[in-house]
Every structure is written in C-alpha cells, then in structure tokens.
Amino acid sequence: AKMNLERGDLIQMDPISCRGTLKLLPIGKKNKQKLLIGDDSGMLSCYEFRKGEPQIVFQTKVFEGPVSCVALGGSLPKKDKIFLSHSQRIVGLTKKGKEFFKLTSSLTETIQSIAVEETRIWTGCEFIYNLYDNGKDTAYFISKDRINNVVVAHVTRDNDYDAVLACQDCCIRIIHGSQLFVEIPIPSPVTDVVVMQMERTMQTGKAPIGLVYSTDIGSFGLVQVSSTGEFQMLWSVDDGTKRCSITCLCVFDLTKDGVEEIIVGREDGRVEVFKQDSPTSAPFKTFSKDIGESIRSMECGVVNTPDFNEIIVAAYSGKIISFTTEPVHVRAQDDNYGRSVQTVNNENRIKHTRKEIDDLKKKLEKERERVKKVNAANAASSTSSQLKPFTAPDFSAISKFVLDSTLAAYVLTIELQTPIDLVMLRSPVVLDLVETDTGTSVLSVTPPHLQPVYPGEESLGKFVAVFRCQSQEKRIILTLRTNEGEFGDLLVTIVSASSPKVAKIVKYNLKPLSLNSKLHQLSEEELGRAKNKIRYTGNVQLPTIHEWISAIFPDVPPRLDENCVEQRYFFRNTFTGATTICEIRKNELIIESENASTIAIVKENVTRLANYRRIALEENLSTNESSVSTFLALIRDKLDHQLSLTRKMQLVDAVHEITMQENGDTPWLSEEYVDVLQHQESIRKEFKNRDKSLEYLSGIVTDLYVDWNKLQGVDAKSKIPRLQQIILNGTFEDIIKAFLTPLSNQGSGGSRSRG
C-alpha cells in the first residue's frame with residue numbers, strides 16, 4: 001500500500017550547501033521536537049512550531065562561514081547539547097543557545113562530520129578521523145580515500161563505541177580507537193551509513209546490528225555485522241535507470257507499526273520511503289516526492305503536531321520542508337471557523353512570511369541609508385578620484401563528475417542556488433556528448449578546426465561546448481564519453497544568471513584510462529581470460545609507483561596503508577568489459593589486460609612519468625595472440641547491433657505499414673519482425689546516433705589494431721582504411737584474421753588513430 005504523506009513548506013533559511021546540518025532536539029514538554037538548522041551564513045537557528053507558524057527559540061551567528069555539520073550530545077538519555085563545526089573548529093551550545101565549549105583541531109583538513117557521545121567527540125575530515133575526549137586528541141585513523149560520513153554506535157562492542165566510516169573507495173570501515181577492526185567492501189562509493197536494530201537470534205538472545213548504507217550511484221543496502229567482525233550482505237536496492245546519488249539516509253518507524261522504514265533523500269530532490277516486512281527482507285517503495293533541488297539534510301520526528309511523525313528535509317536553497325503523516329485535510333479540532341489543519345497552518349505561515357518581509361524591508365532601508373552615507377563620505381574625501389577594485393560576489397555551486405558504469409560515460413551534474421545562465425566546457429581530450437535530455441537548454445559545440453586561434457595563446461582544446469539555459473534552470477545534467485589514451489583537465493565554466501553575472505571555473509582531471517572502473521575482485525571467468533602482460537622493474541619506491549597508477553587509472557585512492565608492502569588493483573572497462581590487473585610493490589609494477597590498447601597506454605604513460613622523474617626502468621613485455629579474439633568477442637554484440645540497425649530500420653517502416661493494413665491482426669509475423677515492431681521507437685532513436693556509435697566502436701577496433709602491431713614493433717597506421725572496410729562489410733572472423741596476419745616490420749613509430 002502506498003503511504004500518504006502531506007507536504008508543508010516550513011521556513012526559508014539562507015542557502016545550505018553542507019550535509020548533516022539539520023537536527024531535532026529530544027521531545028519536550030509539549031510532546032514535540034524543536035528544529036535546529038545551520039546554514040551557509042554561519043547561523044544556527046532553533047525553531048518550534050505552533051499550528052504551522054515558526055517561532056524562533058534562538059538564533060546565533062556562530063561562525064563567519066558555512067556550518068559544515070550539526071550533532072547532538074550530552075549525557076544520556078537527554079542528549080540536548082548542540083555541537084556544530086566549521087573549518088577546523090567545533091563549538092558546543094546549550095539548548096538555549098549559550099556557548100559552553102570550544103575546540104580547534106590542529107589539522108589542516110576541514111571537519112566535515114561530527115558525532116558526540118558523553119565526553120567524547122568523533123570527527124571526520126577529508127581523509128582523517130579523530131577521537132577527542134574532554135577536548136584532548138586521543139585517537140586517529142587515516143583513510144585511504146575520502147571519508148563521506150562518520151557514525152558512532154555499539155556495532156561490534158557492547159561496552160564501547162565503534163566509529164563507522166562511509167568511504168569513497170567503496171568501503172565501510174569500522175574503527176576501534178585508532179585501529180581498523182573490519183573493512184566491508186561495497187560495490188560503489190559509500191555516501192552514508194545508519195544503524196538498524198535487527199531481530200534477536202535464538203542462539204544468543206541478542207539482536208545483531210545491521211548497517212544500512214547508501215551509495216553514489218543511488219543504491220542502498222543492508223549488511224549485518226557480528227561482534228567478531230564477520231559480515232553478511234542481506235539485500236540491496238538500486239535506483240533503476242536514474243542512478244542518482246543518495247545524500248541523506250534515515251531509519252525511522254514513521255507508521256508506528258514496530259518495523260522501521262528506510263527514508264532516502266537524493267541529490268536530484270527525490271524523497272523516498274521504503275517499507276520492510278522484516279529487517280532481513282528487501283524493502284519496497286511506498287512513497288516518492290520530488291522537491292526539485294538537492295536534499296542536503298534530513299531528519300524524522302514530531303515537529304508540528306504531537307503523535308504525528310514527519311520527515312523534515314533541508315534543501316540546497318535553504319527551504320525547510322515537512323512531509324507529515326497527519327491527515328491535514330480534516331477539520332482542525334480547536335478551530336471555530338471549520339477550517340482544515342492545512343488551511344490553518346498555511347495561514348499562520350503566510351502571517352509569519354509577511355512579518356519576515358516587513359523586517360527585510362526595514363533592513364533594506366537601513367542598508368540604503370548606510371550606503372548613501374558611505375558614498376557621500378567618499379565623494380567628499382580626497383581619494384574619491386581613485387578607482388577601487390570591484391570584487392565579484394562568490395556563489396555556491398554543487399558540481400560532480402562521476403563515471404556511470406551502466407552508461408559507460410561520465411555524468412556531469414551542476415546545481416546552483418540561483419538560475420544558471422550558461423555552462424561552457426573546454427577539454428584537451430576529445431569527448432562524445434551522449435544523448436541527454438537538457439530540457440530547453442540550447443547546445444552549441446564548436447569543432448576544433450573552427451576555433452579561433454590567437455597569437456601567443458593556447459588553443460581552447462579538442463572539445464568546446466556551451467549550454468545556454470533558457471528557463472530559469474538551477475540544475476543541469478550532461479553525459480560525456482571520453483576516448484581512452486588522452487588525458488588532461490576538463491574546465492567547466494559556470495555562469496550564474498545573477499546581476500551582475502558571476503562565473504566560477506571547476507576543474508576535473510581526465511585520466512588516460514578514464515573509462516575503467518575499480519573493482520574489489522574479478523570473476524573466475526575474467527581472471528581466466530587470455531591476457532597481455534607488461535612488467536617494469538627498477539629502483540623506484542612503492543609510493544611513487546602508486547602515484548603513477550593513480551595518474552593513469554581513475555578511482556585509485558590517493559594513499560596506501562601505512563605498512564603496505566604490495567597492492568593489487570582490479571579494473572573493468574565500463575564500455576568494452578575488458579579487465580586489467582595491476583600489481584605494485586617496491587621496485588616492480590605488473591599490468592595484465594586482454595586489451596592491447598590498455599597495455600600500450602600504460603606503456604606510454606609509465607615511460608612519460610618515469611622520464612619526468614629521471615628514473616630508469618627495465619621493461620618486459622609479453623603479448624598473447626589469443627587476447628585479440630578474447631577482446632573482440634567482448635565488443636562483438638555491440639558491433640553487430642550497430643551494423644544491424646540499418647537493416648532493422650528498413651524493416652520498421654515496412655512491418656509497420658503491413659500491420660496498419662491488417663488492422664494489427666498479424667499472428668503470422670516471424671519472431672524477428674514482431675521484435676522489430678515492438679522496439680520500433682528505440683530502433684529509430686538508436687539509428688539517429690548510429691553513425692556516431694559506429695564511429696566510436698570502429699575507433700576502438702582500429703586503436704586495438706594499431707596498438708597490437710605497435711607492441712610487435714610494427715607501424716600499422718597505413719592499413720587502417722582497409723581495416724575499416726572490413727569492419728563495415730566483413731565478418732567477425734575477417735576482423736580477427738586482419739589482426740593476426742603478419743605485417744612487414746616498418747618500425748614502431750605508429751601513433752594512435754583517434755584523438
């Protein structure tokens with residue numbers, strides 16, 4: 001059954017760009033909870049609500065910059081002390097807003113998440129987790145990759161707390177003090193973790209602990225953890241085709257039926273509620289609502305009316321929104337005019353909004369008077385003739401550039417708190433714009449040969465595109481596919497539609513093997529494939545080799561474990577499915593892959609990086625002829641599909657016409673024709689992009705041909721036109737034969753065919 005939750009817009013705050021800045025104080029005397037919210041202005045506000053009207057309990061400006069996290073602490077069971085962070089500082093306030101605690105970290109990293117229990121504070125920075133007791137630093141742990149959130153609970157120990165880290169390198173790490181206790185691999189980068197109580201077991205009489213995790217690709221799941229560190233994946237739920245990152249996660253019994261619901265807040269603005277029959281069964285969706293902008297924080301509790309649970313959401317623009325279980329369309333009990341609960345609440349909110357507008361008008365008048373006085377003073381002063389520099393106001397922007405393994409392309413997401421005027425992309429790497437719904441935005445792509453070149457200035461790049469937004473869009477999503485082998489920085493210029501217009505440049509690094517996704521392990525079939533191998537030895541330290549791998553492959557953590565003596569990484573190309581195994585240890589680097597192009601790209605880049613550091617390496621290359629057919633078999637279906645589209649397109653119109661003449665009664669049609677008829681829309685859509693898709697696939701095959709021969713010491717570039725004819729008109733066996741036909745040795749100076 002679908003859950004019915006009613007939306008109510010509670011208050012408008014300053015913009016909120018950080019996650020985890022909304023909390024609810026424990027239930028008070030009126031059987032309701034007060035709402036705490038920290039915003040980008042550094043203000044902490046506390047509100048309570050009476051018939052929908054917000055009442056300010058206190059407001060205090062704690063920091064000069066954005067509040068990065070808000071947490072509750074203090075002695076159990078009250079937990080009514082408020083802790084908030086900014087930069088390297090933590091401040092503690094009482095429930096009345098009075099400051100009683102200050103702590104400044106000695107680290108240079110910004111504190112992004114905090115958790116408080118009694119006298120202890122756990123902090124999560126970008127890579128470092130710290131534990132403070134009574135303000136003293138007592139433990140720390142350095143993570144391999146970014147820490148996205150820190151949660152504290154009795155997970156593996158009843159007598160002490162565990163720190164649970166949600167990490168960017170697809171792991172949940174449980175920390176005891178300064179020691180890593182267990183590392184749980186997750187298929188995608190982990191954005192958040194919450195603790196769920198499981199059912200008691202018959203053997204121990206104790207309830208095991210479950211960790212509900214969310215990921216960067218929109219999935220969430222449950223992993224059960226025992227006191228010994230053993231874990232078991234119970235279920236996971238994906239986001240279908242949207243695959244949008246989860247920013248907030250809650251576990252709460254909204255319906256008061258004894259089974260907790262899982263509430264999910266997403267980056268694209270969707271609030272979703274999932275119901276479970278039991279904690280071990282996979283949940284199903286019972287509610288979904290899109291608020292149209294990124295969700296930054298979320299809490300569940302009783303805020304407006306006693307006995308009715310709500311989901312409270314903080315949006316990127318500063319809107320605080322409620323989704324309540326209260327039936328708001330029924331008549332309000334103590335209203336003499338017969339109005340509904342929703343009507344009474346809305347009228348009270350309107351009254352509060354009018355008061356806010358009046359206060360803002362007064363502030364505006366005061367500011368105008370102040371500016372007039374300043375201008376008059378400047379005009380009278382002797383320095384009035386000197387031009388003063390104008391500093392453009394900064395603006396907040398959320399931007400992400402993430403490899404989507406399903407699309408085999410990068411998804412660029414940009415969101416502003418004000419409408420976007422335009423977005424310009426410049427890249428030294430050739431990019432293919434995968435068809436995306438950009439709404440009413442106008443796209444213009446400038447081919448490299450038409451770009452203006454000014455004397456003494458660098459070229460704009462191999463890819464220049466501009467998106468002009470037409471209808472006040474605040475969020476834009478673009479999908480781009482890279483050509484492997486090239487590298488450089490993608491520059492994204494974002495221009496807001498404010499007055500005056502302001503621009504911000506965001507930079508994303510494109511790696512040479514950018515379409516590869518890091519895995520925890522390969523399957524037995526993938527490990528058994530025929531592979532080419534290249535091995536480097538020389539006097540080179542392990543951190544340096546790791547730095548090279550990080551420069552060539554995406555998703556490689558920026559650091560190794562402190563006592564690491566060797567490391568093994570697995571990668572899979574999201575487009576072709578080809579795998580790569582990378583082994584590194586002091587003085588040695590080994591790369592294995594069924595794709596000869598991957599080996600050639602690694603060879604080219606390792607040589608470049610080693611030469612830059614003036615390190616001499618000994619190279620040992622071993623190629624395997626079977627790897628050619630193994631790799632081509634991986635892309636055969638894609639190639640056959642693109643080549644068959646022309647024939648299918650010819651059939652679509654003919655079969656459609658026959659069906660119309662027969663009034664849809666065509667039981668005699670063959671399975672192939674029925675399939676064409678059922679999928680005619682997708683065939684038409686794919687046929688539009690056939691030339692581009694076939695060119696991309698053909699480029700992969702010709703690159704493989706050039707690189708395979710290059711590894712044999714032969715320049716095969718002159719044979720590319722002949723190979724392209726075979727790809728378009730020959731059979732799969734003809735393509736393999738072309739690869740394995742020996743060419744005369746013409747030197748090894750061949751270059752890659754694309755780019």
Side-chain angles (χ1 to χ4, degrees), residues 188 216-218 238-245 267-268 399-415 420 422-448 461-469 473 475-488 490-492 506 508-517 554-555 572-578 634-635 637-639 641-643 645 679 681-701 703 754-755:
S188 304
D216 212 16
I217 62 164
D238 62 28
D239 190 29
T241 56
K242 293 185 177 178
R243 298 169 63 83
C244 184
S245 176
E267 203 167 59
D268 62 359
S399 65
K400 290 178 68 178
F401 190 63
V402 179
L403 177 62
D404 187 316
S405 56
T406 303
L407 297 173
Y410 280 86
V411 178
L412 174 65
T413 307
I414 297 165
E415 184 173 1
I420 301 170
L422 65 87
V423 174
M424 182 170 80
L425 308 180
R426 289 183 293 151
S427 168
V429 174
V430 175
L431 298 175
D432 287 337
L433 192 68
V434 180
E435 189 175 351
T436 2
D437 180 16
T438 54
T440 58
S441 300
V442 178
L443 164 67
S444 57
V445 179
T446 307
K462 293 182 180 178
F463 178 83
V464 177
V466 177
F467 295 82
R468 297 183 183 277
C469 299
E473 288 113 324
R475 180 182 174 86
I476 189 168
I477 300 173
L478 310 171
T479 309
L480 305 159
R481 185 173 290 135
T482 59
N483 285 328
E484 289 201 324
E486 301 178 301
F487 62 93
L490 170 65
L491 298 177
V492 183
V506 184
Y508 293 103
N509 185 240
L510 299 171
K511 307 288 177 75
L513 290 168
S514 51
L515 290 180
N516 278 265
S517 175
D555 299 332
R572 183 188 295 128
N573 187 292
T574 53
F575 188 82
T576 64
L634 293 174
I635 61 170
D637 288 346
K638 284 187 172 72
L639 199 56
H641 176 69
Q642 291 300 327
L643 292 169
L645 277 177
H679 298 94
E681 291 303 319
S682 62
I683 291 170
R684 290 181 196 277
K685 188 176 178 182
E686 285 183 26
F687 187 76
K688 281 184 185 176
N689 300 314
R690 175 187 178 273
D691 291 345
K692 187 191 288 186
S693 301
L694 195 55
E695 183 186 353
Y696 191 85
L697 277 165
S698 176
I700 289 173
V701 177
D703 275 354
R754 287 184 293 168

Between the CG atom in Asp432 and the CD atom in Glu695, the distance rounded to the nearest 0.5 Å is 7.5 Å

Between Arg243 and Asp404, is there a side-chain N and carboxylate O pair less than 4.0 Å apart?
yes

Would you mind telling me which of Arg572, Glu484, Lys511 makes a side chain to side chain donor-acceptor pair (under 3.5 Å) with Asn516?
Glu484

Derivation and outcome, side chain to side chain contact (heavy atoms under 4.5 Å, CB included), residues Asn573 and Leu634:
CA-CA 11 Å; Asn573 187 292; Leu634 293 174; over 6 Å; no

Taking side chain as C-beta onward, heavy atoms only, is Ile217 less than 4.5 Å from Thr406?
no

Where Ala409 and Thr479 come nearest, the two heavy atoms and their spacing:
CB-CG2, 3.7 Å

For residues Thr482 and Ser514, is any side-chain donor paired with an opposing acceptor at under 3.5 Å?
yes

Whether the side chain of Arg481 engages the backbone of Ala408 through a donor-acceptor N/O pair (distance < 3.5 Å, no angle test) should be reported.
yes

Any chance you could lay out the side chain to side chain contact (heavy atoms under 4.5 Å, CB included) test for Val434 and Leu407, step after step, and finish with the verdict?
CA-CA 9 Å; Val434 180; Leu407 297 173; 5.9 Å; no

Using the rule side-chain contact (heavy atoms from CB on, under 4.5 Å), only one of Val411, Leu478, Asn509, Leu480 pairs with Phe401; which is it?
Leu480

Shortest non-hydrogen contact from Ile476 toward Phe467:
CD1-CB, 4.0 Å

Hey, do the aromatic rings of Tyr696 and Phe575 have their centres closer than 6.0 Å?
yes

Heavy-atom check, side chain of Leu412 versus side chain of Tyr508, under 4.5 Å
yes

Please name the pair of heavy atoms, one in Arg426 and one in Val464, separated by the smallest distance, quoted to 0.1 Å.
CG-CG2, 4.3 Å

Test side chain to side chain contact (heavy atoms under 4.5 Å, CB included) applied to Leu510 and Ser427, step by step
CA-CA 9 Å; Leu510 299 171; Ser427 168; 3.8 Å; yes

Test item: Val423 and Val492 side chains (from C-beta on) under 4.5 Å apart, heavy atoms
yes

So Leu515 and Thr576, side chain to side chain contact (heavy atoms under 4.5 Å, CB included) or not? Walk me through it.
CA-CA 9 Å; Leu515 290 180; Thr576 64; over 6 Å; no

For residues Glu267 and Glu415, report the shortest heavy-atom separation together with the two atoms involved.
O-OE1, 3.9 Å

To check you understand the geometry: which heavy-atom pair defines the closest contact between Met424 and Val466, and what is its length?
CG-CG2, 3.7 Å

The reported gap from CD1 in Ile700 to CG in Leu639 (rounded to nearest 0.5 angstrom) is 9.5 Å

Rounded at 0.5 Å granularity, tell me how far CD1 in Ile420 sits from CD1 in Ile414.
6.0 Å

Heavy-atom closest contact (Val430 atom, Glu486 atom, distance):
N-OE1, 3.2 Å

